[in-house]
Amino acid sequence: MARLVKLPGPLDPHVHLRDLDWEHKSTFLSETAAALAGGYWAVFDMPNTPPPAIDRPALDRKLESIARQAVCDWGVYFGASQDDNSGEYAAAFDPVCGLKIYNNATTGTLLIDDQTLRARHYAAWPGGKVIAVHAEGETVADILALVRQYRQPTHFCHISTAEEIRLLAAAKAEGLPVSVGVTPHHLFLTEDDVRTLGPLGRMKPELKTHADQQALWDAIAAGVVDVVESDHAPHTLAEKQSDAPPSGVPGLETTLPLMLTAVHERRLSLERVIDLVALNPQRIFGVAPGPETYTLVDLDARYTIARGDLRTACGWSPFEGMPVVGRVREVWIRGVQAFDGEAVRVAPGFGCNLYGRES
Ligand code: DOR
Ligand code: ZN
C-alpha cells in the first residue's frame, strides 16, 4: 500500500546546472527538469562554470537564460574572484541568493587561497545574505577565523570528514553563525567505491573513509548537520571516461530517494529528512514556500537507480544499481502541478527567481 507524505518545498541550495558556455554538459532546462523529477521546489546554482558569475554582465547573462528555461524555482550565487571583484558586490547583491567563495581547488577558476584576499571578500560582502564556502581540511579553520571576525552567516558546503565536523560542532557551540551541508555521495559512498566506480566516483571533496562517513551520520543525529545538498555537478560520460576526467557527480534525482531509503532503514526519522532537505535550507537562505508548494513522495515504492530513468543530461549516476525505497510522485509549485511522477507539466520559464524583486 502506498504511503504518500507531503514534504514542504524541498530546496537544494547547492547545484551546478551548467548551460551558457558549458551547454554541452547540460542546460538550465534539462537540470531544472531533473530537479523536479528529484522532488525539488527550488535549486540554487553555483557560479563556477563558464562564464563565472563574478561580474554583472556574466550574472545578467545567467539570470536571463535561466529565467527563460527554468521549470522549478531557483536562485543563483555570485562568485568571489581572485582578482578581487568585491567592488561588484553592491550591484550584484539584490538578485542573488548569496556569495560563493572557493577556498580549495575544484572545477573552474575561482580558487582563492590567500587568507588576506579572503578577508577582503568577507569584509566587503553587504551582509544579510549567506556566504557559502568550499573549505576542506585545514581550510575550515581558516574560514572559521573569518566568521569569528566578520560575523557573516556562512554555510560550509559538502563537509566530508570527522575532523571538519569536530571543528564545526565547536564553532556552533561557540555561537558562530555557521551552517553545515553534507552530500549524499559522502553519506552513501566511501573511498572503497572509487575502485569500482573509477572516475564516476571522483568529485571534490573526494570520497572518504568509513570512519568519516560514520561521523557525518553521527553529526546528522546530533543536529550538527543542517542540510543535505546534492552538489549536483554533471559532466558528460565521455569527459568522465577521458584521460583527464573532471571532478563532479550528478545527484538531483537520487538525493531524496536515498534519504527516504535511510528512513526506511531507520537510520534517521522522516522529520529529520524534512529538516535537512526543506526546512533548514529555507531558514538558512531566508525563503519560504507557500502552502501550495509541496512534494508528494511514496514511502513504500521500491525501485533500482538506473541511468535510463534519469533526466539529467549527463545520463549517469554514481548510485546506479542501488535499490531504493521511496519515490517522488508529484511536485506542486504555487498551486500548479509541475511534475506528475512521469512528466514535467510546466513550460520553460515557469520557475521564478526566489530573489527576484530587484530594487
Ligand atoms: O566535484 C566537484 N565538481 N566539486 C566542486 O566543487 C565543483 C563541481 C563542478 O562544478 O564540477
Ligand atoms: Zn559544488
Side-chain angles (χ1 to χ4, degrees), residues 13-14 16 44 46-48 77 79-82 98-108 110-125 127 129-187 189-191 202-231 233 247-248 276 280-281 284-285:
H14 187 163
H16 304 259
F44 292 173
M46 287 294 174
N48 61 317
Y77 290 89
S81 81
Q82 257 161 16
L99 177 72
K100 176 71 182 278
I101 308 182
Y102 286 91
N103 301 284
N104 300 98
T106 187
T107 307
L110 298 184
L111 170 66
I112 300 179
D113 54 10
D114 179 88
Q115 185 75 355
T116 309
L117 180 52
R118 290 172 185 157
R120 219 175 298 153
H121 285 289
Y122 257 82
W125 184 241
K129 284 184 183 178
V130 170
I131 298 180
V133 292
H134 182 133
E136 295 186 43
E138 287 159 15
T139 310
V140 169
D142 295 338
I143 302 306
L144 284 173
L146 298 176
V147 181
R148 196 172 288 115
Q149 186 175 354
Y150 294 99
R151 299 276 153 181
Q152 298 262 25
T154 299
H155 179 69
F156 285 77
C157 298
H158 47 45
I159 287 305
S160 64
T161 71
E163 175 61 11
E164 292 163 4
I165 288 288
R166 196 185 62 74
L167 289 171
L168 286 160
K172 286 188 160 191
E174 185 187 335
L176 296 182
V178 297
S179 55
V180 176
V182 300
T183 72
H185 41 271
H186 295 112
L187 288 172
L189 302 171
T190 68
E191 58 188 10
R202 293 277 179 206
M203 74 295 289
K204 299 282 188 199
E206 291 174 1
L207 294 175
K208 298 293 183 339
T209 66
H210 282 279
D212 288 316
Q213 184 186 48
Q214 188 56 47
L216 302 185
W217 284 102
D218 292 347
I220 285 180
V224 172
V225 171
D226 301 286
V227 176
V228 172
E229 55 196 28
S230 70
D231 198 5
S247 295
L276 293 165
N280 288 348
I284 292 162
F285 287 87

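Starting from 1, each residue takes its place in the sequence as its number. When reading the values below, keep in mind they use all heavy atoms of this one structure, side chains included, and skip hydrogens, waters and symmetry mates. Everything numeric here is computed off the predicted structure, so don't read it as measured data.
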Evaluate K172 against V180 for side-chain contact (heavy atoms from CB on, under 4.5 Å), listing each step before the verdict.
CA-CA 10 Å; K172 286 188 160 191; V180 176; 4.2 Å; yes
As a quick check of understanding, evaluate side-chain contact (heavy atoms from CB on, under 4.5 Å) for H121 and I112, giving each step before the final call.
CA-CA 10 Å; H121 285 289; I112 300 179; 3.5 Å; yes
Just do the side-chain contact (heavy atoms from CB on, under 4.5 Å) check on E138 and D142 with the steps written out, would you?
CA-CA 7 Å; E138 287 159 15; D142 295 338; 5.5 Å; no
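A 4.5 Å side-chain heavy-atom check between C157 and D231 finds every atom pair outside the cut-off. In this structure, the side chains of F156 and V140 come closer than 4.5 Å at one or more pairs of heavy atoms. Contact of the H185 side chain with the L207 side chain is registered, since non-hydrogen atoms from C-beta on lie closer than 4.5 Å. When side chains are defined from C-beta on, P153 does not count as touching I131, because their heavy atoms never get closer than 4.5 Å. For the pair L168/L176, no side-chain contact is recorded, criterion being any heavy-atom separation below 4.5 Å from C-beta on. The shortest distance between side-chain heavy atoms of P184 and V228 falls below 4.5 Å. At a threshold of 4.5 Å between non-hydrogen side-chain atoms, the residues H210 and E191 do not count as touching.
For S81 against L117, the heavy-atom pair with the smallest separation is O-CD2, 4.4 Å. For the pair I143 and A135, the tightest heavy-atom approach, listed with the atom from each and the gap, is CG1-CB, 3.9 Å. Contact detail for V182 and I159: the closest heavy-atom pair is CG1-O, 3.6 Å. Closest approach of L276 and P281 over heavy atoms only: O-CD, 3.6 Å. Of all heavy-atom pairs between W125 and V130, the closest is NE1-O, 4.1 Å. For the residue pair M46 and P13, the shortest heavy atom distance occurs at CE-O, 4.0 Å.
Screening H134, H155, E229 for a side-chain hydrogen bond (donor to acceptor under 3.5 Å, both in side chains) involving H14 leaves a single residue, E229.
In this structure, T139 contributes its side chain and G137 its backbone to no donor-acceptor pair below 3.5 Å. Checked by atom type and distance alone, the side chain of R118 pairs as donor or acceptor with a backbone atom of N103 at under 3.5 Å. Under the 3.5 Å distance criterion, the side-chain polar atoms of Q213 are left unmatched by any main-chain donor or acceptor of T190. With hydrogens and angles ignored, the 3.5 Å screen pairs a side-chain donor or acceptor of N104 with a backbone N or O of E136. A side-chain donor-acceptor contact under 3.5 Å links N280 to the backbone of D226. Looking only at distances, a side-chain donor or acceptor of Q82 sits under 3.5 Å from a matching main-chain atom of L111. A donor-acceptor pair is defined here as one N or O able to donate and one able to accept, closer than 3.5 Å; such a pair exists between the side chain of W217 and the backbone of L187.
Side-chain contact of N48 with H16: a donor-acceptor pair under 3.5 Å is present, judged by distance alone. For the residue pair K208 and T161, no side-chain donor N or O sits within less than 3.5 Å of a side-chain acceptor on the partner.
E206 has a carboxylate O that lies under 4.0 Å from a charged side-chain N of K204, or vice versa, which qualifies the two as a salt bridge. Look at D114 and R120 and you find no salt bridge, because none of the NZ, NE, NH1 or NH2 atoms lies under 4.0 Å from a carboxylate O.
For D218, the side chain to side chain donor-acceptor pair (under 3.5 Å) partners at least two apart in sequence or on another chain are Q214.
Ring geometry, Y150 versus Y122: the interplanar angle falls from 30° to 60°, so the pair is classed tilted.
Outside the 6.0 Å centre-distance limit, the rings of H158 and H186 are not counted as a close aromatic pair.
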